[in-house]
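Just so it is clear, the values below take in all heavy atoms, side chains as well, and ignore hydrogens, waters and symmetry mates.
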Amino acid sequence: MSAAWKFHAVLAGALLSTWYCGVATADTGDLENKRAAFRAVYPEVERGNWEPVLQYERLLRDYPLWPDLRASYLRARLDNAEHAEIEAFLDQYGMLKPARELRYQFSLHLAAAGHHSEYLEIYRQYYRDLGNARLDCLALQAQLHEGPTDNIADRGLRLWLTGSSQEDECDPVFAHLRSRNELTDDHYSERFALA
């Protein structure tokens with residue numbers, strides 16, 4: 001290896017190292033600016049105010065916590081946000097934690113607001129097999145409104161036959177079963193024994 005080649009290799013290494021340090025410093029500064037902007041706007045976003053984000057949107061759009069910021073805003077505005085806006089966010093961010101949390105809150109909102117078919121669509125896709133009594137009973141309530149009601153008695157009885165109190169969301173389902181005489185004395189005895 002010639003001395004000239006060694007000199008050029010060392011020089012190229014030094015230049016590359018200097019360039020890399022400059023890029024790393026620029027990236028670190030940019031990341032710090034994004035963090036500061038995120039911290040500055042997040043409290044307002046949690047209150048449903050997107051206005052402060054507008055001045056930092058170009059800076060924050062590729063920040064890793066952008067989905068968290070957007071999900072917080074949408075969660076704060078569940079009563080007023082367009083369902084299409086929420087659904088677009090959920091489609092884009094899929095199974096990221098902020099999307100999962102928003103999807104859960106959105107589904108509860110849909111059930112409470114009487115959007116039964118929309119609730120059932122989310123429930124069937126994401127929650128049906130989780131064994132969550134609250135969500136299961138909300139689904140049965142939605143089915144009572146939307147139909148069909150074929151398997152409500154079987155599913156409702158499975159929720160009834162537990163050894164402890166069920167979620168409040170199950171009360172209308174149990175009232176429906178009682179009104180149709182589908183809760184018998186034997187069911188009450190079985191539940192008492194489970195307790």
Side-chain angles (χ1 to χ4, degrees), residues 16-143 145-146 159 164-172:
L16 195 56
S17 173
T18 304
W19 173 82
Y20 177 76
C21 289
V23 169
T25 303
D27 286 347
T28 302
D30 189 44
L31 184 58
E32 286 305 317
N33 289 338
K34 290 176 181 184
R35 285 181 182 148
F38 180 85
R39 283 191 299 266
V41 301
Y42 194 74
E44 282 299 311
V45 167
E46 283 187 307
R47 291 184 197 88
N49 181 7
W50 191 252
E51 196 69 30
V53 176
L54 298 178
Q55 71 185 57
Y56 299 109
E57 191 165 354
R58 288 180 64 189
L59 180 66
L60 289 171
R61 193 149 282 274
D62 65 343
Y63 184 53
L65 295 180
W66 174 263
D68 297 76
L69 194 66
R70 194 75 187 140
S72 286
Y73 171 71
L74 292 171
R75 254 193 326 271
R77 299 192 65 251
L78 279 175
D79 290 336
N80 306 319
E82 293 291 324
H83 291 186
E85 181 181 14
I86 294 171
E87 289 162 1
F89 175 86
L90 295 174
D91 288 344
Q92 182 175 2
Y93 293 104
M95 296 309 291
L96 291 178
K97 185 178 180 187
R100 289 191 320 265
E101 291 170 351
L102 176 62
R103 183 180 295 112
Y104 180 77
Q105 294 300 321
F106 183 49
S107 68
L108 295 178
H109 166 75
L110 290 172
H115 298 283
H116 305 296
S117 60
E118 289 177 76
Y119 173 78
L120 284 171
E121 187 177 324
I122 291 175
Y123 171 81
R124 288 175 180 137
Q125 188 171 359
Y126 295 99
Y127 303 125
R128 180 188 353 222
D129 299 323
L130 296 182
N132 181 311
R134 181 182 193 190
L135 299 175
D136 292 343
C137 284
L138 287 172
L140 289 173
Q141 284 185 53
Q143 256 187 278
H145 290 283
E146 295 287 304
L159 288 161
S164 58
S165 292
Q166 277 291 21
E167 302 287 339
D168 291 344
E169 289 80 1
C170 294
D171 292 345

State the [atom1]-[atom2] distance between [X] and [Y], to the nearest 0.5 angstrom.
X	Y	atom1	atom2	answer
I122	H115	CD1	NE2	11.0 Å
L65	R39	CG	CZ	10.5 Å
D91	I86	CG	CD1	12.0 Å
E101	R75	CD	CZ	5.5 Å

Please tell me if the side chains of [X] and [Y] come closer than 4.5 Å, counting only heavy atoms from C-beta onward.
X	Y	result
E169	Q141	yes
L74	L78	no
V53	W66	yes
L140	L159	yes
V41	N49	no

Start with the C-alpha distance between E87 and R103, add both sets of side-chain angles, then the distance that settles salt bridge (Lys or Arg N to Asp or Glu O under 4.0 Å), and finish with yes or no. CA-CA 9 Å; E87 289 162 1; R103 183 180 295 112; over 6 Å; no

D136 versus Y123, side-chain donor and acceptor atoms under 3.5 Å: yes

Step by step, would you call L110 with L138 a side-chain contact (heavy atoms from CB on, under 4.5 Å)? CA-CA 10 Å; L110 290 172; L138 287 172; over 6 Å; no

R77 NZ/CZ over W50 ring centroid, <6.0 Å and within 45° of normal: no

Nearest non-hydrogen partners of [X] and [Y], listed with the distance:
X	Y	answer
N33	L59	O-CD2, 3.7 Å
P98	P67	CB-O, 3.8 Å
L60	A37	CD2-CB, 4.0 Å

Is the shortest distance from a Lys or Arg side-chain nitrogen in R134 or D168 to a carboxylate oxygen in the other one below 4.0 Å?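 So R134 does not pair with D168 through a salt bridge.
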
Just grab all the disulfide bond (SG atoms under 2.5 Å apart) pairs involving residues 103-139, residues at least two apart or on different chains. C137-C170

Listed partners of Y42 passing ring-ring contact (aromatic ring centres under 6.0 Å, His included), at least two apart: F38

Keeping Y126 on the side-chain end and Y104 on the backbone end, is there a donor-acceptor pair under 3.5 Å?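 Checked: no pair found.
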
With sequence neighbours excluded, residues passing side chain to side chain contact (heavy atoms under 4.5 Å, CB included) with E146: H116, S117, L120

Would you call the rings of Y93 and F89 parallel, tilted or perpendicular, where under 30° means parallel and over 60° means perpendicular? tilted

For residues H109 and Y119, establish whether the separation of their ring centroids is below 6.0 Å.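 Aromatic pair excluded; centres sit 6.0 Å or further apart.
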
Which one of D30, D68, L31, L69 satisfies the side chain to side chain contact (heavy atoms under 4.5 Å, CB included) criterion with Y63? L31

